[in-house]
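Notes follow the structure.
Values below: all heavy atoms of this structure, side chains included; hydrogens, waters and symmetry mates excluded. Whatever order the structure lists ligands and atoms in, that order sets their numbers, starting from 1. Index from 1, following the sequence. Predicted model, so just to flag it, every value in this text is computed and none were measured.
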Amino acid sequence: MDGTTNTFVLGTGSCLPKRVLTNAELEGMVDTSDEWIATRTGIKTRRISGPGEETSHLAAGAARQALHMAGLTAGDIDIILLGTVSSEMSMPSCACLVQKELGAVNAFAFDLNAACSGFLYALDMADAYLKRDPALKIMVIGAETLSSRVNWQDRDTCVLFGDGAGACLVTGSSNGSGMIASKMFSDGRLFDLLCMDSALGMNPELSNYQNQGSFIRMIGRDVFRYAVRAMVSAVEHVLTQSGLTVDDVTLIIPHQANIRIVKSMIERLNVPAEKIYVNIDKYGNTSAASIPLALDEANREGRLQRGDLLLCCAFGSGFTWGATILRW
Ligand code: COA
């Protein structure tokens, strides 16, 4: 206990749209099958937002639960950091909409775009703020409604994604618990393997850029390869950084993109499958929401006890990736 300030989780929360979309329903929408989706991705159902379930509302719902678990109120929040690529508005930030909905009048709020790595990036940024002022209470959220950003005619992508939000309320701790290692990475060179254009611009002078529509485009097979390699190397990096081995870790929460990505990681890291938290079967890939959603579920299931080591790793468009270790 060296007096260093670490990011400590006071409470977790999550929020999901009510509507469940099954693989069987997708069979009626594109040329696919329940069998193909389940065996190639591990996904069986995903949640799809309806009216009143926009990204900011899901995010606020998750934040309310995290506040409740922490025994605090919206007025206690100093900063709202929100990872998303699918806010219902381009301006203002989704985080400001969440601030309004919660009544978090003492906070400042902004979004962060690191695609599926958005939550871990936001947690890493919270850690930097807490090193400056350990008393801050920071609401870190990952929230998405990717159902609004997929091309529902494209079977390569529309079967993969889902909507949801997860949140963690964090503050500084100097007793050895909290975030003990974290490292984020990005590489923009291969951005077009997984990307989404903006809404069409109004300046004809800027029309050189070939805008192919504001929905997700992906070369799945290539993304798969990079995702496995990147997450494994990020995990190894933070283990080395903290002087730990994978045997010391109690629970691993990887970004939930594809069960086969998770299985490849299990093999390469030589870790027992029971140590890895998986809920992709229920929610599909919820991008920035996937890790905090899983974290909230694991927490509420009692999978984490004080002192346990939790390792989270993410990968997303950019490419962005990273890993974080927290002593619970
Ligand atoms: N239903 C049925 N068939 C489908 C299909 C679908 N929904 N989507 C693709 N296919 C077909 C392809 O057209 C291809 O057919 P072909 O062999 O006749 O050309 C065949 O299935 C195999 O396609 P392939 O892309 O090689 O499959 P895959 O085993 O790589 O699985 C993904 C595809 C997308 C599931 C997989 O590559 C993946 O998960 N990649 C990572 C995606 C990801 O995680 N993105 C987000 C990162 S944050």
- prompt: At what distance is the nearest protein heavy atom to atom 44 (O) of ligand 1, and which residue and atom is it?
  reply: Ala257 CB, 3.3 Å
- prompt: What atoms in ligand 1 come closer than 4.0 Å to a heavy atom of Asp156?
  reply: 8 (N), 9 (C)
statement: Short version for Asn285: what comes under 4.0 Å of ligand 1, heavy atoms counted, is side chain
- prompt: Where is the nearest protein heavy atom to atom 42 (C) of ligand 1: which residue, which atom, and how far?
  reply: Met218 SD, 3.6 Å
query: Considering only heavy atoms, which of Glu35, Arg155, Arg221 lies nearest to atom 25 (O) of ligand 1?
result: Arg221
- request: Considering only non-hydrogen protein atoms, determine which one is nearest to atom 10 (N) of ligand 1 and report residue, atom name and distance to 0.1 Å.
  value: Trp36 CZ2, 3.4 Å
- prompt: Is there a chain of hydrophobic side chains (I, L, V, M, F, W, Y, each step under 4.5 Å between heavy atoms) that links Leu251 to Val249?
  reply: no
field: Within-cutoff protein neighbour (heavy atom, under 4.0 Å) for atom 28 (P) of ligand 1
entry: yes
- request: Taking only heavy atoms of Phe315 into account, list the atoms of ligand 1 that are under 4.0 Å away from them.
  value: 48 (S)
message: Please tell me whether Leu123 and Ile253 are part of a single hydrophobic cluster in this structure, the criterion being side-chain heavy atoms less than 4.5 Å apart.
response: yes
Heavy-atom neighbours of Lys100 NZ exceed 12 at 6.0 Å: no
message: Give the atom numbers and elements of ligand 1 that come within less than 4.0 Å of a heavy atom of Val159.
response: 7 (N)
- prompt: In ligand 1, which numbered atoms sit nearer than 4.0 Å to a non-hydrogen atom of His255?
  reply: 48 (S)
field: ligand 1 to Asn258 polar contact by distance, N or O atoms, under 3.5 Å
entry: yes
query: Judged by atom type as modelled, is there a donor-acceptor pair below 3.5 Å linking the side chain of Asp78 to the main-chain atoms of Ala107?
result: no
- prompt: What atoms of ligand 1 come closer than 4.0 angstrom to any heavy atom of Thr41?
  reply: 35 (C)
message: Before we go on, tell me: are the rings of His255 and Phe119 under 6.0 Å apart, centre to centre?
response: no
message: Is the ring pair Phe110/Phe108 parallel, tilted or perpendicular, if the boundaries are 30 and 60 degrees?
response: parallel
- request: Report whether Ile276 and Val232 are members of the same hydrophobic cluster (ILVMFWY, side-chain heavy atoms less than 4.5 Å apart, transitive linking).
  value: yes
- prompt: Between Lys137 and Ala135, is there a donor-acceptor pair closer than 3.5 Å when you use the side chain of the first and the backbone of the second?
  reply: yes
- prompt: Is atom 14 (C) of ligand 1 close to the protein, meaning a heavy atom under 4.0 Å from it?
  reply: no
task: Heavy-atom distances under 4.0 Å are what count here, so tell me which part of Thr32 touches ligand 1: side chain, backbone, both or neither.
output: both
- prompt: For atom 40 (N) of ligand 1, which candidate among Ala288, Ser287, Gly220 holds the nearest heavy atom?
  reply: Gly220
message: Under 4.0 Å and counting heavy atoms only, is there anything from the protein next to atom 18 (O) of ligand 1?
response: no
- request: Check whether any N or O atom of Ser33, backbone or side chain, sits under 3.5 Å from an N or O atom of ligand 1, and answer yes or no.
  value: no
field: Shortest reach to atom 22 (C) of ligand 1 by a heavy atom, considering only Arg225, Arg260, Glu27, Arg40
entry: Arg40
message: Hydrophobic clustering (ILVMFWY, side-chain heavy atoms < 4.5 Å, transitive) - are Ile291 and Ile43 grouped together?
response: no
task: Could you tell me whether the side chain of Arg47 and the main chain of Pro17 form a donor-acceptor pair under 3.5 Å?
output: yes
message: Quick check: closest heavy atoms across Met139 and Ala167, and the distance to 0.1 Å?
response: SD-CB, 4.1 Å
task: For Ser86 and Thr55, work out which heavy atoms get closest and say how close.
output: O-OG1, 2.5 Å
message: Closer than 4.0 Å to some heavy atom of Cys116 - which atoms of ligand 1 meet that?
response: 48 (S)
